Structures are given as C-alpha cells and as structure tokens.
Amino acid sequence: MIKKTLQRLVGTSDERAFAKSFNAHDDGLHRVIHWRVGNEEVAKDMVSEVFTRAWEKWHNFDNAHPKAWLYTIARNMVTDSYRKKTPERLDDETEIIDEDYSVEDLTDSKLEHERLRHAVSLLKPQSRHVIELRFMSGMTAQEAAYILGIS
C-alpha cells in the first residue's frame with residue numbers, strides 16, 4: 001500500500017525529493033509506530049498515512065529537517081489515535097504463528113515485549129519519546145532532541 005502511494009506521486013523533482021525522503025525513513029517510522037500501537041497492520045496503515053499527510057504539506061516544507069518533520073507527523077498521528085481509540089474485542093485480533101518457533105518461544109517473546117512495553121509506559125511522556133526515537137528509530141541524540149524540542 002505504501003509503495004503504491006509513493007509510485008502514484010513520483011514524477012517531478014519535488015516528487016523525487018519526497019520519494020528519497022520516504023525511502024530513507026519508512027523503516028524507522030514503521031518501527032516506532034509499531035512499537036507504539038502494537039499492531040503490524042495498523043502500523044503499516046499509519047506509515048502510509050504519515051507520508052500522505054507529508055505529501056499534502058510538502059509544498060510548505062522548508063526541507064530543513066525532513067526526518068524530524070516526518071517523525072513529528074507520526075508522533076502526532078499516534079497520539080491522535082490513542083485519543084480516538086475504542087476498546088478492541090479480543091476475537092478481532094488474529095496472529096499468524098511462524099512455524100519455525102515453538103509456542104514457548106513465541107510466548108516468552110510476547111511476555112518480554114509486554115514487560116518492556118509496560119516498563120516504558122511508566123516513564124514520563126518525554127522520557128518515553130526519547131527512548132522510542134533513540135532506540136526504536138535509531139536516531140542520534142541530537143535528532144531526537146530536535147524533534148522533541150529539548151537540548
């Protein structure tokens with residue numbers, strides 16, 4: 001879905017610059033969004049929406065800090081999704097199990113992921129965002145600070 005959206009946009013030099021930005025940041029955005037929302041399909045949809053929103057505002061962008069700009073759009077989108085979120089029904093979520101892993105391995109991995117997610121959720125929002133940007137997205141401390149507006 002994301003690649004189709006991008007292919008639709010590519011053509012002029014502005015669109016090529018946008019495509020370059022997309023290719024440079026789509027994996028990192030996906031990791032951060034997936035970490036925050038905990039659902040692969042929702043994360044893919046949100047990454048696509050980040051780039052759609054960015055494309056709509058591309059003509060106003062000064063091209064100074066594209067990474068920070070995209071991550072700010074993503075962070076705002078995730079925050080908005082939390083505000084709108086309705087409780088999920090358990091029977092609506094289906095997971096595909098990889099046959100290369102045992103049920104015990106998958107359970108241990110899921111429990112470890114949930115413990116980590118819980119521990120991070122106990123942090124103050126700004127500290128949580130720093131961890132997400134630095135370790136989930138692989139940003140430098142300077143990039144994360146710029147996005148968060150801190151030193």
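Small disclaimer: the values here were computed from a predicted structure and weren't measured.
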Would you say T72's side chain and A68's backbone share a donor-acceptor pair under 3.5 angstrom?
-> yes

Smallest heavy-atom separation, I33 atom then A43 atom, equals CG2-CA, 3.7 Å

Where is the tightest heavy-atom contact between H25 and L70, given as atom of each residue plus distance?
-> CD2-CD1, 3.8 Å

Side chain to side chain, E114 and H118, heavy atoms closer than 4.5 Å | no

Can you tell if the side chain of K57 reaches within under 4.5 Å of the side chain of R53, non-hydrogen atoms only?
-> no

OG on S121 to CG on L116, rounded to 0.5 Å | 10.0 Å

Do I73 and F51 have side chains that get closer than 4.5 Å, going by heavy atoms?
-> no

Do side-chain atoms of S127 reach the backbone of L123 as a donor and acceptor pair under 3.5 angstrom?
-> no

Rounded to the nearest 0.5 Å, how far does CE of M46 lie from OG1 of T52?
-> 12.5 Å

Q126 CD to I131 CD1 distance, which is reported to the nearest 0.5 Å = 12.0 Å

Gap between atom CE of M77 and atom CG of D45 - 0.5 Å precision = 10.5 Å

Do any N or O atoms from the side chain of Y71 and from the backbone of L133 form a donor-acceptor pair under 3.5 angstrom?
-> no

Residues in ring-ring contact (aromatic ring centres under 6.0 Å, His included) with H34, at least two apart?
-> H30

Partner of E132 under salt bridge (Lys or Arg N to Asp or Glu O under 4.0 Å), picked from R31, R75, R36, is R36

Calculate, to the nearest 0.5 Å, the distance between atoms OG and CG belonging to S48 and L29 respectively.
-> 11.5 Å

Is the shortest heavy-atom distance from the side chain of W69 to the side chain of I147 under 4.5 Å?
-> no

Is there a side-chain contact between V130 and I150 (heavy atoms, below 4.5 Å)?
-> yes

